[in-house]
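What follows is a short report on a single structure.
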Amino acid sequence: QAQFVESGGGLVQPGGSLRLSCAASGFTLNKQGIGWFRQAPGKERKGIACIVNGDGIGDGSTYYIDAVRGRFTISRDMAKNTVYLQMNSLKAEDTAVYYCAADATMRCGTWPGNYDHWGQGTQVTVSS
């Protein structure tokens, strides 16, 4: 079954850091936009970062929402078929379940409906 497996979540104090991993199983990251999403209790799932894995212009392009730009960094290791999310200067409002998913159109939008291969998510809790 083609899906992602997310890991790396946990409990961290405000101002701390975490690095999330998103390993693809059953498919390749090539020619996909890989997005990180998060869903807080009672709120909708929302895209926060995305990286384009293409084979031409635009390959490696990254996108962030304003709330995480400058604090979060998305990266990839194509040999490991894995995408990462380095999260620094974490805030209480970053608390959520974090997911990754693939966009075959490589548009890297924030709407979850454009994405497939969802994993089970990993919980991030920022609290003192």
Side-chain angles (χ1 to χ4, degrees):
Q1 182 178 0
Q3 68 175 33
F4 284 107
V5 178
E6 301 94 340
S7 62
L11 173 64
V12 63
Q13 292 185 344
S17 298
L18 282 174
R19 186 194 194 203
L20 306 184
S21 297
C22 169
S25 175
F27 71 104
T28 177
L29 296 182
N30 290 333
K31 297 184 180 180
Q32 306 273 357
I34 307 303
W36 277 100
F37 292 75
R38 66 186 181 186
Q39 187 168 18
K43 296 189 177 180
E44 294 183 348
R45 191 172 300 186
K46 184 177 181 181
I48 60 170
C50 189
I51 186 166
V52 175
N53 297 327
D55 55 5
I57 296 174
D59 179 44
S61 296
T62 57
Y63 303 91
Y64 302 91
I65 62 169
D66 289 344
V68 306
R69 187 178 293 113
R71 299 188 298 123
F72 291 9
T73 303
I74 189 170
S75 63
R76 64 191 181 183
D77 185 333
M78 299 301 284
K80 294 183 178 180
N81 221 25
T82 299
V83 172
Y84 303 96
L85 186 69
Q86 177 67 43
M87 306 188 297
N88 298 328
S89 302
L90 282 162
K91 306 175 182 180
E93 51 263 44
D94 295 318
T95 295
V97 178
Y98 284 69
Y99 303 85
C100 54
D103 172 14
T105 71
M106 294 188 285
R107 292 173 183 168
C108 274
T110 59
W111 184 52
N114 288 337
Y115 290 77
D116 293 309
H117 308 316
W118 294 91
Q120 82 290 346
T122 185
Q123 175 71 48
V124 172
T125 302
V126 184
S127 175
S128 56

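Start at 1 with the first residue, then count along the sequence. Heavy atoms only: backbone and side chains are in, while hydrogens, waters and symmetry mates are out.
- Residue pairs meeting the side chain to side chain donor-acceptor pair (under 3.5 Å) criterion with at least one partner in residues 6-27, sequence neighbours excluded, are S17-N88.
- Here the CD1 atom belonging to I48 is positioned 10.5 Å from the SG atom belonging to C100, to the nearest 0.5 angstrom.
- Interatomic distance, CG of L18 versus OG1 of T122, reported as 8.5 Å (0.5 Å rounding).
- L11 forms part of no hydrophobic cluster, judged by ILVMFWY side-chain heavy-atom separations under 4.5 Å.
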Quiz: residues 59-69 side-chain donor-acceptor pairs under 3.5 angstrom, not counting sequence neighbours:
from: D59; atom 1: OD1; to: G54; atom 2: N; distance (Å): 3.0
from: D59; atom 1: OD1; to: R76; atom 2: NH1; distance (Å): 2.9
from: D59; atom 1: OD1; to: R76; atom 2: NH2; distance (Å): 3.4
from: D59; atom 1: OD2; to: R76; atom 2: NH2; distance (Å): 3.2
from: S61; atom 1: OG; to: G58; atom 2: O; distance (Å): 2.8
from: Y64; atom 1: OH; to: I74; atom 2: N; distance (Å): 2.9
from: D66; atom 1: OD1; to: R69; atom 2: NH1; distance (Å): 2.4
from: R69; atom 1: NH2; to: Y64; atom 2: O; distance (Å): 2.4

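- Here SG of C22 is found 11.0 Å from CD1 of I51. Values are rounded to the nearest 0.5 Å.
- For residues 15-37, every residue pair satisfying the ring-ring contact (aromatic ring centres under 6.0 Å, His included) rule, not counting sequence neighbours, is listed here: F4-F27, F27-H117, F37-Y115, F37-W118.
- A2 approaches G26 most closely through the heavy-atom pair CB-O, 4.1 Å.
- Considering only residues two or more places apart in sequence or on other chains, T28 meets the side-chain hydrogen bond (donor to acceptor under 3.5 Å, both in side chains) condition with N30.
- Sorted by first and then second residue, the salt bridge (Lys or Arg N to Asp or Glu O under 4.0 Å) pairs involving residues 32-47 (not counting sequence neighbours) are R38-D94.
- Hydrophobic side-chain contacts under 4.5 Å tie W111 to no other Ile, Leu, Val, Met, Phe, Trp or Tyr residue.
- Among residue pairs with one or both ends in residues 100-128, none qualify as salt bridge (Lys or Arg N to Asp or Glu O under 4.0 Å); sequence neighbours excluded.
- Taking S89 as the reference, R71 meet the side-chain contact (heavy atoms from CB on, under 4.5 Å) condition, with sequence neighbours excluded.
- Within the model, atoms OG1 of T73 and CE of M87 stand 11.0 Å from one another, a figure rounded to the nearest 0.5 Å.
- Of all non-hydrogen atoms in S127 and P14, the two that sit nearest each other are C-CD, 3.6 Å.
- Side-chain heavy atoms closer than 4.5 Å link hydrophobic residues (I, L, V, M, F, W, Y) into clusters, and following such links, possibly through other members, connects Y98 to V12.
- Under the side-chain hydrogen bond (donor to acceptor under 3.5 Å, both in side chains) criterion, Q120 pairs with no residue, sequence neighbours left out.
- Listed by chain and residue number, Y84 satisfy the side-chain contact (heavy atoms from CB on, under 4.5 Å) test with S75 (two or more places apart in sequence, or in another chain).
- Side-chain atoms of N81 come within 3.5 Å of backbone N or O of L29 as a donor-acceptor pair.
- Each salt bridge (Lys or Arg N to Asp or Glu O under 4.0 Å) pair with one or both residues in residues 24-34, not counting sequence neighbours, appears once here: K31-D55.
- When hydrophobic clusters are built by joining Ile, Leu, Val, Met, Phe, Trp and Tyr residues whose side-chain heavy atoms come closer than 4.5 Å, directly or via intermediates, L85 is grouped together with I34.
- The two atoms that bring V52 and C108 nearest to each other are CG2-SG, 3.8 Å, heavy atoms only.
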